[in-house]
Each structure stands twice: as C-alpha cells, then as structure tokens.
Amino acid sequence: MNVYGLIILIALVTEFLVNLAGDRLNLKSLSPDLPEEFVGIYDDEKYARSQAYTRETTRTRMIQSVVSLSVTLVFWLLGGFTWLDEFARGLEQGPIVTGLSFMMILMVGLKLLGLPFQLWSTFVTEERFGFNRMTARTFWMDQ
C-alpha cells in the first residue's frame with residue numbers, strides 16, 4: 001500500500017472512530033426522565049418515547065457504519081476499486097463516460113448496501129414508534 005492509500009485508510013478509520021465515539025457519548029447522555037426545565041411544558045411520555053426512538057435510530061446507524069466500513073475495506077483490499085476501474089475503462093467510451101460509469105456503479109453499490117438499513121428503519125423502527133405512513137409500493141417508488 002502506498003502512502004496515499006495509507007492516508008485514506010487512516011482517514012476512513014479515524015472518521016469511523018470519531019463518529020462511533022460521538023454516538024456512544026450521545027447514547028450515554030440520553031435519559032427517559034424529563035429534565036426539570038421541561039416539566040409542565042413537555043409531556044413525560046412523549047419525551048421518554050423520543051429518547052427511545054433516538055436510542056434505536058442511533059444504534060441502527062452505528063451498525064450500518066460498521067457494515068459500510070467493513071465492506072469498503074474488504075472491497076478495497078481485495079482489489080475491487082482496481083477491478084471496477086478496469087471494467088469502466090473496458091467500456092471504451094472516453095474519459096468522461098468512464099469516470100461517470102465508475103462513479104455510478106459505486107453509487108449503486110452503496111445504495112444496495114444501505115437498502116436493508118433503510119427497510120429496517122422505515123418498516124420496523126418507524127412502524128414501532130408510529131411514524132411510518134409509507135407502503136412498500138411507495139418505498140420502492142421512492143427508490
């Protein structure tokens with residue numbers, strides 16, 4: 001691995017660790033008890049429910065981050081970016097179309113990687129907390 005690859009690797013892992021630490025600190029600071037400042041202004045039950053929702057969505061986001069970083073690193077270390085570059089260049093459509101093809105394939109891959117998490121968030125988490133108004137048909141149409 002060259003120096004640029006090492007810098008990118010360090011940046012990816014550092015960003016992941018900083019976000020993970022922030023999420024853990026945020027989860028640690030959540031409390032279902034209504035702060036004194038909000039007594040009489042905000043409903044106890046709604047506040048506890050908002051804290052539970054935040055807890056659930058944060059945990060899901062943390063799992064998604066682990067999966068995303070893991071897949072990215074495996075793809076990279078197994079030569080996936082090189083293979084994808086060779087594939088895009090093999091289309092022989094010139095530099096602009098080659099670059100756009102490379103990026104489009106990466107974006108589709110990322111979208112597919114995030115799809116299970118979107119499904120979970122929409123049809124499990126949001127359903128559990130009463131926020132989901134979306135049907136399966138509407139979900140797929142949005143995609």
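No hydrogens, no waters, no symmetry mates; every other heavy atom, side chains included, goes into these values.
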What do the steps show when you test Ser29 against Leu25 for side-chain contact (heavy atoms from CB on, under 4.5 Å), and what is the final call? CA-CA 6 Å; Ser29 71; Leu25 287 171; over 6 Å; no
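- Of the N and O atoms on the side chains of Glu127 and Asn132, at least one donor lies less than 3.5 Å from an acceptor on the other residue.
- A donor-acceptor pair is defined here as one N or O able to donate and one able to accept, closer than 3.5 Å; such a pair exists between the side chain of Ser50 and the backbone of Tyr47.
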Go through it in stages, so that I can follow the logic: the residues are Val71 and Val67, the test is side-chain contact (heavy atoms from CB on, under 4.5 Å), and I'd like the CA-CA distance, side-chain angles, deciding distance and then a yes or no. CA-CA 6 Å; Val71 169; Val67 170; 4.3 Å; yes
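- Counting heavy atoms from C-beta outward, Thr98 and Leu91 have side chains that stay 4.5 Å or more apart.
- Aromatic ring pairs are classed by plane angle as parallel below 30°, tilted from 30° to 60° and perpendicular above 60°; the pair Phe87 and Trp83 is parallel.
- The shortest side-chain heavy-atom distance between Met134 and Asp142 falls under the 4.5 Å cut-off.
- Of all heavy-atom pairs spanning Asp85 and Phe102, the tightest one is N-CE1, 3.6 Å.
- Remark: side-chain polar atoms of Thr57 are paired, donor with acceptor, to backbone N or O of Thr54 under 3.5 angstrom.
- Around atom CG of Leu112, more than 12 heavy atoms belonging to other residues, nucleotides or ligands sit under 6.0 Å away.
- By the rule that hydrophobic residues join a cluster once side-chain heavy atoms approach within less than 4.5 Å of another member, Met62 and Leu30 end up as members of one cluster.
- One hydrophobic cluster, built from ILVMFWY side chains closer than 4.5 Å, holds both Leu106 and Leu77.
- Connection of Val39 to Tyr42 is established within a shared hydrophobic cluster, with ILVMFWY side chains joined at heavy-atom distances below 4.5 Å, either directly or through further cluster members.
- Note: the hydrophobic cluster containing Ile63 does not contain Leu69 (ILVMFWY, side chain heavy atoms under 4.5 Å, direct or indirect links).
- Distance check: Ser65 OG to Glu15 CD gives 8.5 Å after rounding to the nearest 0.5 Å.
- At least one donor-acceptor pair under 3.5 Å links the side chain of Ser101 to the backbone N or O of Val97.
- Between Phe81 and Trp76, the angle of the ring planes goes over 60°, which puts this pair in the perpendicular group of the 30/60° scheme.
- For Leu113 against Pro116, the heavy-atom pair with the smallest separation is O-CD, 3.4 Å.
- Leu34 and Phe38 make their closest contact through CD1-CB, 3.6 Å (heavy atoms, listed as atom of the first residue, atom of the second, distance).
- Counting heavy atoms from C-beta outward, Val13 and Leu17 have side chains that approach closer than 4.5 Å.
- Remark: Arg55 CZ to Leu27 CG distance equals 7.0 Å, nearest 0.5 Å.
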Candidate pair Thr58 and Arg61, rule side-chain contact (heavy atoms from CB on, under 4.5 Å), full reasoning: CA-CA 5 Å; Thr58 301; Arg61 187 176 60 245; 3.7 Å; yes
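- For the atom pair CZ of Arg137 and CE of Met141, the computed distance is 5.0 Å after rounding to the nearest 0.5 Å.
- Taking CD1 of Ile105 as the start and CG of Leu110 as the end, the distance is 12.0 Å to the nearest 0.5 Å.
- One distance of note links CG of Leu119 with OG1 of Thr125; it measures 11.5 Å at 0.5 Å rounding.
- Rounding to the nearest 0.5 Å gives a distance of 7.0 Å between CD of Glu56 and CH2 of Trp120.
- Two different hydrophobic clusters hold Phe75 and Phe117 under the rule that ILVMFWY side chains link at heavy-atom gaps under 4.5 Å.
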Would Arg133 and Glu126 count as a salt bridge (Lys or Arg N to Asp or Glu O under 4.0 Å) here? Give the steps. CA-CA 9 Å; Arg133 302 285 181 257; Glu126 290 189 13; over 6 Å; no
For side-chain contact (heavy atoms from CB on, under 4.5 Å), just list the numbers for Gln143 and Leu115, CA-CA rounded to whole Å, side-chain angles, deciding distance to a tenth of an Å, and then say yes or no. CA-CA 9 Å; Gln143 300 308 307; Leu115 195 56; 4.0 Å; yes
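- Contact record, Gln51 with Pro32: CG-CA, 4.3 Å, taken as the closest heavy-atom pair.
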